[in-house]
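A quick write-up on the structure given underneath.
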Amino acid sequence: MVWEERWHPLREEWVIVAAHRQNRPWSGGTVGCPAGEEPAYVPDCYLCPGNLRVSGARNADYTSTYVFDNDMPCASPDAPKDLEKPPGVYRNRPAEGLARVVCYSPNHSLTLAELETTQVDELLAVWQGQYRELGSRPEVKHVLTFENKGEAVGVSNPHPHCQIYATNFVFKTIETEARASQRHLKETGRVLFQDILDAERADGRRVIYENDTAIAFLPYFARYAYEVFVAPKRTHPHVAALSQPERRDFADALRRVVVKFDNLWRMPFPYVMPLHQAPTDGGDYTGFHFHVEFHPPLRRPNLLKYLAGPEIGGGNFLSDTAPEEKAAELRAAPELHYKHAPREEN
Ligand SMILES: [Zn+2]
Ligand SMILES: [Zn+2]
């Protein structure tokens, strides 16, 4: 069983080798159940209230959100410390940190798109608390909060939840964004993300939704057909810095985006949704602007965007769609979730 971090000297990044997780029972009992027909409670779901998990721990009888340490963590204080020393140029080190799971709701059948704005706001408050708590641990250099949603991204349990990886390194994308933001601030005196927001507003075609303090847009440079960013208008380095009114506005924008996603094809819309937040390694991240990114893998219903030669082989994306057209589809999608809307007459 290998559980450690290995340095990739060519990409200059850490790879987490967590071979102890290969048998993880990371699925619920509802595979094959048609979408939208899951019950509110599933007796053998490891995320439902009161149920037993693989570790032997029992979930609390929670009524809103619920946070627990991942039973099969990729990073943990218990990760092996006595590692086999690799030869030559190779480096390894313990996979220190923490991995957690956040349930959005006790209701097994709901998705983020079906929560009320107040419930999304509660979830944001949990993300704030987790960022503060985990980010203050000395071994934690970055807090990656993300939701994988749908079988298209490997999640068979529909119980609404996200994960948090609090790691002893900064994930590569965040490192790249932080470096670009720092350089832009130094060279121009401006926040890079504010310049992006200005450019999006100047064009306007890709802005999906806007309220007093938050904005959602499909960026000019989108790599996925329906890639959407949600951001506060003021620059904050992480979710914990949002004020209460800003958090509420952010929850409103986030909810509207996921409702529009579901309404596009009247189906639960799969995505990977990371929070991009400043590292917690003590560096200066003045120019880092917190945002949420949606990376939906579908181009059309049942048509996956495969990552292949250019993306996996070369590291750059080849996009088969025009961001302006996809943004127009999202702008036109209704704001009332289809499950709550009367069926249109044809
Ligand atoms: Zn469940
Ligand atoms: Zn980002």
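Every heavy atom of this structure was used, including side-chain atoms; hydrogens, water molecules and symmetry mates were not. The model shown is predicted, which means the values in this text are computed figures rather than measured ones. Whatever order the structure lists them in is the order used to number ligands and atoms, beginning at 1.
Side-chain atoms of Thr188 never come within 3.5 Å of backbone atoms of Leu185 as a donor-acceptor pair (strictly under, hydrogens ignored).
Classified by interplanar angle (parallel below 30°, tilted 30° to 60°, perpendicular above 60°), the ring pair Phe229/His291 is parallel. Taking the six-membered ring where the residue is Trp, Phe261 and Phe269 present parallel rings, their angle staying beneath 30° rather than reaching 60°. Between His337 and His340, the two ring planes are tilted [angle within 30° to 60°]. Classified by interplanar angle (parallel below 30°, tilted 30° to 60°, perpendicular above 60°), the ring pair His295/Tyr224 is perpendicular.
Seen from the Zn ion (ligand 2), atom OE2 of Glu177 and atom OE2 of Glu293 lie 100° apart in angle, a value rounded to 10°. To the nearest 10 degrees, the Zn ion (ligand 1) sees ND1 of His159 and SG of Cys45 at an angle of 120°.
Using a cut-off of 2.8 Å, one finds that Cys48 contributes an N/O/S atom close to the Zn ion (ligand 1).
The Zn ion (ligand 2) sits nearest to atom ND1 when only the N, O or S atoms of His276 are considered. Looking at His108 and the Zn ion (ligand 1) together, the shortest N, O or S contact belongs to ND1.
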